[in-house]
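One structure is given below, encoded as structure tokens.
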Amino acid sequence: MAAETTGSFEIGRVLAVLRASSVSPDILACVVDVAARLDAELEALVLLDPNLLTLAELPFALQMVPHHPGPRPLRRNELELEFKAIMGGARRRLETLAAARGVRWSLRTLHARPVEALVAAAEQADLLVIEAGARLAGRAIRPHIALPALIAGISRPVLLVPPGRRAGGPIYVVADPGVDSVRALQAARCLARQFATQLTVLRPPPEAERHRHPPLDARAAAGPGPLTGAAALNRLLAEVGTGILVMPALSRWLEEPGAFDRLARAAATIVLTR
């Protein structure tokens with residue numbers, strides 16, 4: 001578990017949330033890589049919303065299938081068989097990847113509403129990994145709804161991975177003076193050590209100088225800008241690029257409407273700490 005009392009940031013157990021509609025090979029490779037680098041145990045969790053199975057029992061329920069000319073009936077038995085096949089493929093893939101990296105792993109399913117189930121499961125882990133834009137049980141994890149609810153409900157850090165990418169590259173951490181940034185700095189140092197990469201601390205300027213300076217360090221995009229707001233967050237994400245951005249979950253950068261949507265669309269891997 002994360003060692004709060006020692007002032008360190010330690011990850012012993014990683015909980016990865018996978019798509020129920022289709023388990024991406026990219027996210028499997030990514031979460032195994034993260035667990036291996038952190039020397040942590042990996043638990044892969046696939047959520048299946050029970051409402052979806054109930055819907056499949058209705059006689060008028062239809063589904064759209066790729067490469068199919070039109071909607072077709074949604075049948076519970078077909079849905080369960082498809083889900084079983086997906087889980088079998090994910091288990092075999094995880095077994096191969098984890099064996100190659102020496103990672104202890106487990107895979108389970110949970111029939112529950114996505115956000116509520118994630119809040120409960122995340123408290124048993126040290127790090128929650130979600131693929132940005134992933135769909136759980138056929139429904140999207142909408143960043144502006146699910147992520148704020150998760151952050152409010154759990155005390156664990158959340159790692160948001162862009163689709164088709166692995167976590168990596170230079171690491172940036174936002175030292176926001178308006179919130180407790182200690183955990184973010186601890187997490188960034190830990191990740192920089194485990195990923196053997198460069199760490200850059202981004203410090204907003206003092207309150208009195210915000211009107212004359214951009215909100216990032218000297219390597220940020222030139223030109224003045226506000227500390228918060230869409231423009232500032234976009235500039236921050238552009239600075240990080242495809243690297244890893246660590247920031248407090250309660251940072252003022254995330255107060256603006258649509259902030260979590262921007263994080264989900266970013267090319268960077270995002271780590272939100274509590």
Side-chain angles (χ1 to χ4, degrees), residues 11 13-49 52 63-68 78-112 114 117-118 121-122 125-143 146-147 150 157-169 171 191 194-197 241-245 263-271:
I11 301 296
R13 188 161 176 260
V14 174
L15 175 65
V17 181
L18 306 178
R19 302 181 183 188
S21 55
S22 62
V23 179
S24 162
D26 294 324
I27 190 62
L28 292 179
C30 175
V31 297
V32 169
D33 181 65
V34 169
R37 290 179 181 273
L38 297 175
D39 193 23
E41 179 181 352
L42 172 64
E43 179 183 6
L45 177 66
V46 179
L47 295 181
L48 184 61
D49 191 335
L52 185 63
Q63 64 175 330
M64 298 298 297
V65 180
H67 312 299
H68 194 272
E78 293 180 357
L79 189 64
E80 290 175 336
L81 288 174
E82 180 182 358
F83 184 65
K84 184 177 180 179
I86 290 172
M87 290 297 297
R91 186 174 298 277
R92 291 188 294 272
R93 178 70 173 163
L94 264 179
E95 184 175 17
T96 299
L97 292 170
R101 301 294 298 274
V103 173
R104 292 179 55 194
W105 66 280
S106 61
L107 175 67
R108 67 186 178 101
T109 60
L110 187 61
H111 292 240
L118 283 178
D126 302 304
L127 176 67
L128 176 64
V129 181
I130 301 176
E131 185 179 15
R135 300 183 65 85
L136 299 181
R139 61 175 59 180
I141 304 179
R142 301 185 184 276
L147 283 181
L150 282 175
V158 176
L159 190 149
L160 195 63
V161 184
R165 294 181 182 271
R166 292 194 187 187
I171 295 176
L191 293 173
Q194 299 297 337
F195 281 78
T197 189
T242 58
I244 300 175
L245 174 62
L263 294 187
R265 294 194 301 266
T269 296
I270 310 295
V271 179

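Separating the CD1 atom in Ile11 from the CD atom in Gln194 is a distance of 10.0 Å, to the nearest 0.5 Å. Taken from CG in Leu42 to CG in Leu127, the straight-line distance is 10.5 Å, to the nearest 0.5 Å. One distance of note links CZ of Arg91 with CG of Leu94; it measures 8.5 Å at 0.5 Å rounding. Distance CG/Leu159 to SG/Cys30: 7.0 Å, rounded to 0.5 Å. In this structure, the separation between CG on Leu38 and CG on Asp126 is 10.0 Å, given to the nearest 0.5 Å. From Phe83, atom CZ reaches atom OG1 of Thr109 across 5.0 Å, with rounding to the nearest 0.5 Å.
Side-chain atoms of Val161 and Ile130, non-hydrogen and from C-beta on, never get closer than 4.5 Å to each other. Leu160 is not listed as a side-chain neighbour of Thr269, based on a closest heavy-atom distance of 4.5 Å or more. Side-chain contact between Glu41 and Val103 is absent, with no heavy atoms from C-beta onward closer than 4.5 Å.
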Go through Leu107 and Leu18 one step at a time and tell me if the side-chain contact (heavy atoms from CB on, under 4.5 Å) criterion holds.
CA-CA 10 Å; Leu107 175 67; Leu18 306 178; 4.2 Å; yes
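Counting all heavy atoms, side chain and backbone alike, Arg13 lies closest to Ala40 at N-CB, 4.1 Å. The minimum heavy-atom distance linking Pro162 with Ala268 is given by the pair CG-O, 3.1 Å. Closest non-hydrogen pair, Asp26 versus Gly164, comes out as OD2-CA, 3.6 Å. In terms of heavy-atom proximity, Ala167 sits nearest to Val34 at CB-CG2, 4.2 Å.
Scored by the salt bridge (Lys or Arg N to Asp or Glu O under 4.0 Å) test, Arg108 finds Glu43 as partners (sequence neighbours excluded).
Put simply, the residue from Leu128, Ile27, Val129, Val46 that forms a side-chain contact (heavy atoms from CB on, under 4.5 Å) with Val17 is Leu128.
Evaluation of the side chain to side chain donor-acceptor pair (under 3.5 Å) test over residues 28-38, restricted to residues two or more places apart or in two chains, returns Asp33-Arg37, Asp33-Arg101.
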